[in-house]
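In listed order, ligands and their atoms are each counted from 1. By convention here, the first residue in the shown sequence is residue 1.
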Amino acid sequence: MKFNTKTIHGGQKPEPITGAVMPPVFMTSTYAHTAPGEPQEFEYSRGGNPTRTALENSFAAIENGTHGFAFSSGMAAIDCVLRTLSPGDEIIAGDDLYGGTHRMFTKLFQKYGLEFIFVDVSKEVRVAAAITKRTKLVWLETPTNPLMKIADIEVICTAVKEVNPAILIAVDNTFATPYLQQPLTLGADIVMHSATKYLGGHSDIVMGALMVKDAKLAKELHFIQFAAGAIAGPMDSFLALRGIKTLHIRMQRHCENGRAVAAFLKNHSKVEAVFYPGLEDHPSHGIAKKQMKDFGGMVSFRLKDASEEATFKFLKGTKLFTLAESLGGVESLVNHPVTMSHASIPEAARLKIGITASLIRLSVGIEDIADLLTDLENALHT
Ligand SMILES: *Cc1c(COP(=O)(O)O)cnc(C)c1O
């Protein structure tokens, strides 16, 4: 099956009793056993629920994996991966991560004896060079949030596995989605998503996903999902599955609009710099072109006037672009990383990688591009 078919049919079959084309929302916590010690396929909904199973099969299909897992949030999915590790283990991670991921690494898991080494993943030599005997996991995000840096997944996976094939490589694929890139096919072991974003696509759920291609790793993750309990509920699973069925057509428009917004900002007299992997002068444009089908709907930029007054005027000046956290929904959003999505990262760490107070991040939606550009133009002139 091609990707655009997999989003609709991947891992799906009509519901066996009624033939319902969409799986019903199985609002049940438990299931009748036929005899003591003889459960049927489903036993208790923390372990499995038919609506969630339908979604998890879709997760696996769209990322070219064999198993998928649905969690109550993206953070719960990351938490599940970290629980495979033990005190003393080292994790090499990108230095430009989603703020909540950085917070979980440094404020939650460091105290359990996990060590995190942050490197610039757009310079792949640094990833391999940071490996020690204790390295167990490499955590990549590409494109990165909010600076849109690109990591070469295939080159990094090859380099890491050459040093030690047992090191797991996980890729947070939230920004790109499997429409644009499929990390499992490029050599990664685990794909993670905040399904809250593009997979759900309608800003109506909070959910996380993990996808893998190895049965042993799948068993371990399923055990943690079941034992720790941060599962996605049946209603949210239904909504996410419905969202995925239009992922490919939504992404096509997100990319079209993203490209147009990036070009518009690039040529605007009030704009200092634009961060978008589709621009030819992006430092990793070549890798992005090789690795991704298109360049996505996330665009970051800085105004020439870097004052707080000018930045805030823009942030308050848009009408269609709603000032809000999150991304990846059908509607356009504008975000100020320093006060919003990345506020939990200490200022020194933020400045070191270039997240300044004048940085603005756009999640370009699928509205008519003419209206979006008019909105940006008006906000730039307020
Ligand atoms: C939002 C986000 C997360 C966290 O996911 P939640 O669903 O909010 O818990 C992780 N990584 C990236 C890249 C994100 O954008």
> Below 4.0 angstrom, N of the basic side chain to O of the carboxylate: do Lys123 and Asp95 qualify?
Replying inline: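 Asp95 and Lys123: not salt-bridged.
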> So, Asn64 and Lys6: side-chain donor and acceptor under 3.5 Å apart, yes or no?
Replying inline: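 A donor-acceptor contact under 3.5 Å links the two side chains.
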> So is Gly74 polar-close to ligand 1, meaning N/O to N/O under 3.5 Å?
Replying inline: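 Indeed, backbone or side chain, Gly74 has an N or O that close.
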> Got an N/O contact under 3.5 Å between Met75 and ligand 1?
Replying inline: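 Checking ligand 1 against Met75, an N or O pair does fall under 3.5 Å apart.
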Which of the numbered atoms in ligand 1 are below 4.0 angstrom from a heavy atom of [X]?
| X | result |
| --- | --- |
| Met207 | 7 (O) |
| Leu327 | 15 (O) |
| Thr174 | 12 (C), 13 (C), 15 (O) |

> Name the one of Leu140, Ile92, Val171 that satisfies side-chain contact (heavy atoms from CB on, under 4.5 Å) with Ile156?
Replying inline: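 Between Ile156 and the candidates, side-chain contact (heavy atoms from CB on, under 4.5 Å) is satisfied uniquely by Leu140.
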> Can you check whether Leu327 reaches Arg361 side chain to side chain, under 4.5 Å on heavy atoms?
Replying inline: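 SC-SC contact between Leu327 and Arg361 confirmed.
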> If every non-hydrogen atom of Arg52 is compared with every non-hydrogen atom of Gly47, which pair is closest and at what distance?
Replying inline: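 Distance-wise, the nearest heavy atoms are NH2-O, 3.3 Å.
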>> Can you report which non-hydrogen protein atom sits closest to atom 10 (C) of ligand 1, along with the distance?
In response: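 Looking at atom 10 (C) of ligand 1, the protein heavy atom closest to it is Tyr98 CD2, 3.4 Å.
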>> I need the nearest protein heavy-atom contact for atom 14 (C) of ligand 1: residue, atom name and distance, please.
In response: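 Going by distance alone, atom 14 (C) of ligand 1 is nearest to Lys197 NZ, 2.9 Å.
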> Which of these, Asp172, Thr144, Thr142, Thr196, has its nearest heavy atom closest to atom 7 (O) of ligand 1?
Replying inline: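 Among Asp172, Thr144, Thr142, Thr196, the closest heavy atom to atom 7 (O) of ligand 1 belongs to Thr196.
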>> Please report whether the ring centroid of Phe301 lies less than 6.0 Å from that of Phe314.
In response: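 Yes.
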